[in-house]
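Here's the structure we're looking at; comments come further down.
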Amino acid sequence: MSKTYNWAILGCGKIARKFSNDLKLLPNARLYAAAARDYDKAAGFAAELGFDRAYGSYEEMVADPAVDVVYVATPHSHHHEHVLLCLNHGRAVLNEKAFALTRQEAAEMAETARRNGVFLMEAFWTRFQPSYKKVLEILGTGELGALKVVRSDFAFNAPKDPSNRLYNVELGGGSLLDIGIYPVYAALSTLGKPEKIKALASFAASGSEESIAMVFQYPGGELASLFSSFAAYSQVTTEFGCEKGTIRMARRWMAPTSVTVWHPDNREEQYSFEQSGNGYQFEAAHVMECLDAGKTESDLLPLSFSLDLMETLDRIRKEAGIIFPGRDNN
């Protein structure tokens, strides 16, 4: 039987609220502590969601010996600092994507986790959705032949507020790391690391990238066409084009969604996935399964994949001319 794990939340923002609500769906997850730089914010968050404790500093929270696992939900620009803080206190970590700002930062995080023997995983919730697992299952059977093309987009019109993290380049702002990471993930998780990358970006007045179009090319001739933007809306869908058919994931494909498979004879298969919550409970459940088994990283989403993802994002940024001031951009 699984033990009950004391979860702590580092950073009390919007996504932390959604994640915390989904933790309530798991019988072996205890909402134990929440921390923010401002104690009143942490206390309000804790009271609203039912956490036992609130802390006005991250350092104080990770020093609490009762904390079993920390969900890091601060902006991308702070993941490196906050994950290292947790790992160096021996706390297991589920770190929100993007994993870091650069592969160099991500590599130090992975090295620290391995050196300390502490669990670390990127919170890429899509990997654990029943709908996405179904897609990987279908592709894995080979029934549709080889995968040749991935088309994926994620775009919406965000308020043009330069102080908001979406447009604040100091916080890693821009559509690529916030939502473009999903289309990149769709290609990387199915076709692997690309041989060539082409990318074109448009920039906002704040200096952050606002829209980006990407094309990946692979040695076998496979292609991925990917797009993200804060300037316009898209269907937010993903298609996997195979030799003998197509798999299409419905709107908001990265979350729980439906899957449609088209065959050459015009036969159509529809898969629907009904569930409670927002879908964050699946990644949290997997983390606790890994901890039950004494693992320090996930077999389904290993640190090597997160490093490959960050490397790919670095290559895209270099190609598109996206720069994060004061950070490694090589």
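Aromatic rings of Tyr185 and Phe305 (six-membered ring for Trp) have centroids within the 6.0 Å cut-off, being under it. Less than 6.0 angstrom separates the ring centroid of Tyr58 from the ring centroid of His82. For an aromatic pair to be called close, the ring centres must be under 6.0 Å apart, and Phe99 with Phe124 fails this. Ring pair Phe230/Phe156: centre-to-centre distance below 6.0 Å.
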Inset, instruction - List the steps and the verdict of side-chain hydrogen bond (donor to acceptor under 3.5 Å, both in side chains) for Asn116 and Asn88. - result: CA-CA 7 Å; Asn116 292 353; Asn88 286 325; 3.3 Å; yes

Inset, instruction - Quick one: do Arg317 and Phe324 satisfy side chain to side chain contact (heavy atoms under 4.5 Å, CB included)? Show the steps, please. - result: CA-CA 9 Å; Arg317 290 195 298 108; Phe324 297 138; 3.5 Å; yes

Inset, instruction - Apply the test side chain to side chain contact (heavy atoms under 4.5 Å, CB included) to residues Tyr271 and Val261: give CA-CA distance (whole Å), side-chain angles for both, the deciding distance (0.1 Å), then the verdict. - result: CA-CA 8 Å; Tyr271 300 92; Val261 181; 3.9 Å; yes

Inset, instruction - Apply the test side chain to side chain contact (heavy atoms under 4.5 Å, CB included) to residues Met109 and Glu111: give CA-CA distance (whole Å), side-chain angles for both, the deciding distance (0.1 Å), then the verdict. - result: CA-CA 5 Å; Met109 292 152 62; Glu111 276 176 31; over 6 Å; no

Inset, instruction - Check step by step if side chain to side chain contact (heavy atoms under 4.5 Å, CB included) holds for Ser225 and Val150. - result: CA-CA 6 Å; Ser225 176; Val150 174; over 6 Å; no

Inset, instruction - Kindly indicate, with the supporting measurements, whether the criterion salt bridge (Lys or Arg N to Asp or Glu O under 4.0 Å) is fulfilled by Arg37 and Glu59. - result: CA-CA 10 Å; Arg37 291 298 188 195; Glu59 294 78 8; 3.4 Å; yes

Legend entry - Criterion side-chain hydrogen bond (donor to acceptor under 3.5 Å, both in side chains) on Gln104 and Thr102, from CA distance to verdict: CA-CA 5 Å; Gln104 181 177 324; Thr102 67; 5.5 Å; no

Legend entry - Worked check of side-chain hydrogen bond (donor to acceptor under 3.5 Å, both in side chains) between Trp253 and Thr238: CA-CA 7 Å; Trp253 62 270; Thr238 292; 3.0 Å; yes

Inset, instruction - Check the pair Asp292 / Lys3 against salt bridge (Lys or Arg N to Asp or Glu O under 4.0 Å), numbers first and verdict last. - result: CA-CA 7 Å; Asp292 283 342; Lys3 65 168 280 187; over 6 Å; no

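Each of Leu191, Val184, Leu188 was compared with Phe216 under the side-chain contact (heavy atoms from CB on, under 4.5 Å) criterion, and only Val184 meets it. Here the rule is ring pair (Phe, Tyr, Trp, His ring centres under 6.0 Å) with Trp125, and of Tyr71, Tyr280, Phe282 only Tyr280 fits it.
A salt bridge does not link Arg103 with Asp314: every distance from a Lys NZ or Arg NE/NH1/NH2 to an Asp or Glu carboxylate oxygen is 4.0 Å or more.
Checking Gln270 against Thr260 by side-chain atom types alone, a donor-acceptor pair falls below 3.5 Å. In this structure, a donor-acceptor pair under 3.5 Å is absent between the side chains of Arg30 and Tyr5. Checking Lys160 against Asn157 by side-chain atom types alone, a donor-acceptor pair falls below 3.5 Å. With no hydrogens or angles considered, no side-chain donor-acceptor pair links Tyr32 and Asp68 at under 3.5 Å. In summary, the side chains of Gln129 and Ser131 do not present any donor paired with an acceptor at a separation below 3.5 Å, with no hydrogens or angles considered. At a cut-off of 3.5 Å, with distance as the only test, a side-chain donor of His80 or Glu108 sits close to an acceptor on the other residue. Tyr132 and Thr257 share no side-chain donor-acceptor pair at under 3.5 Å.
The two residues Leu147 and Gly241 have their closest heavy-atom pair at CD1-O, 3.5 Å. Of all heavy-atom pairs spanning Ala42 and Ala34, the tightest one is CB-O, 3.8 Å.
One N or O on the side chain of His79 and one on the backbone of Ala98 form a donor-acceptor pair closer than 3.5 Å. Using a distance-only test at 3.5 Å, with no hydrogens or angles considered, no donor-acceptor pair links the side chain of Ser208 to the main chain of Val169. With hydrogens and angles ignored, the 3.5 Å screen pairs a side-chain donor or acceptor of Tyr218 with a backbone N or O of Gly192. Listed for the Glu209 side chain is a donor-acceptor partner under 3.5 Å among the backbone atoms of Leu176. With hydrogens and angles ignored, the 3.5 Å screen pairs no side-chain donor or acceptor of His78 with any backbone N or O of Thr74. Between the side chain of Asp153 and the main chain of Ser234, no donor-acceptor pair closer than 3.5 Å is present. Side chain of Asp22 to main chain of Asn278: a donor-acceptor pair is present (N/O by atom type, distance under 3.5 Å, no hydrogens or angles). Checking side-chain atoms of Arg251 against main-chain N and O of Gln235 turns up a donor-acceptor pair under 3.5 Å. Without hydrogens or angle criteria, Glu297 side chain to Leu303 main chain gives a donor-acceptor distance under 3.5 Å. No donor-acceptor distance shorter than 3.5 angstrom exists from the side chain of Glu122 to the backbone of Lys97, with no hydrogens or angles considered.
Side-chain contact check for Val259 versus Ile247: some heavy-atom pair is nearer than 4.5 Å. Within the 4.5 Å cutoff, the side chain of Glu48 has heavy atoms near those of the Arg17 side chain. Residues Phe227 and Pro183 are not in side-chain contact: their nearest non-hydrogen atoms beyond the backbone lie 4.5 Å or more apart. In this structure, Ile9 and Phe19 have side chains that are in contact, with non-hydrogen atoms separated by less than 4.5 Å.
Atom CH2 of Trp262 is separated from atom SG of Cys242 by 12.5 Å, given to the nearest 0.5 angstrom. Taking NZ of Lys148 as the reference point, atom CG of Leu223 lies at 9.0 Å (rounded to 0.5 Å). Taking CD of Glu81 as the reference point, atom CD of Glu105 lies at 10.5 Å (rounded to 0.5 Å). A distance of 12.0 Å separates CG of Asp265 from NZ of Lys244, quoted to the nearest 0.5 Å. Here the CD1-CG distance, from Ile316 to Leu177, works out to 9.0 Å after rounding to the nearest 0.5 Å. Of the inter-residue distances, the one linking Leu94 atom CG with Cys86 atom SG reads 11.0 Å to the nearest 0.5 angstrom.
Around NZ of Lys41, the count of heavy atoms belonging to other residues, nucleotides or ligands within 6.0 Å does not exceed 12. The neighbour count for Leu200 CG, taken as heavy atoms of other residues, nucleotides or ligands under 6.0 Å away, does not exceed 12. Heavy-atom contacts from other residues, nucleotides or ligands closer than 6.0 Å to CD of Glu269 number more than 12.
No path of Ile, Leu, Val, Met, Phe, Trp and Tyr side chains, each step under 4.5 Å between heavy atoms, connects Tyr39 with Met61, placing them in separate hydrophobic clusters. There is a path of hydrophobic side-chain contacts, each under 4.5 Å, that joins Leu120 to Leu84. Ile181 and Leu171 end up in different hydrophobic clusters when Ile, Leu, Val, Met, Phe, Trp and Tyr side chains are linked at under 4.5 Å. Placement of Ile138 and Phe128 within a single hydrophobic cluster is found when ILVMFWY residues are connected by side-chain heavy-atom separations under 4.5 Å, directly or transitively. Both Leu291 and Leu23 belong to a single network of hydrophobic side chains, linked directly or stepwise wherever heavy atoms of I, L, V, M, F, W or Y lie under 4.5 Å apart.
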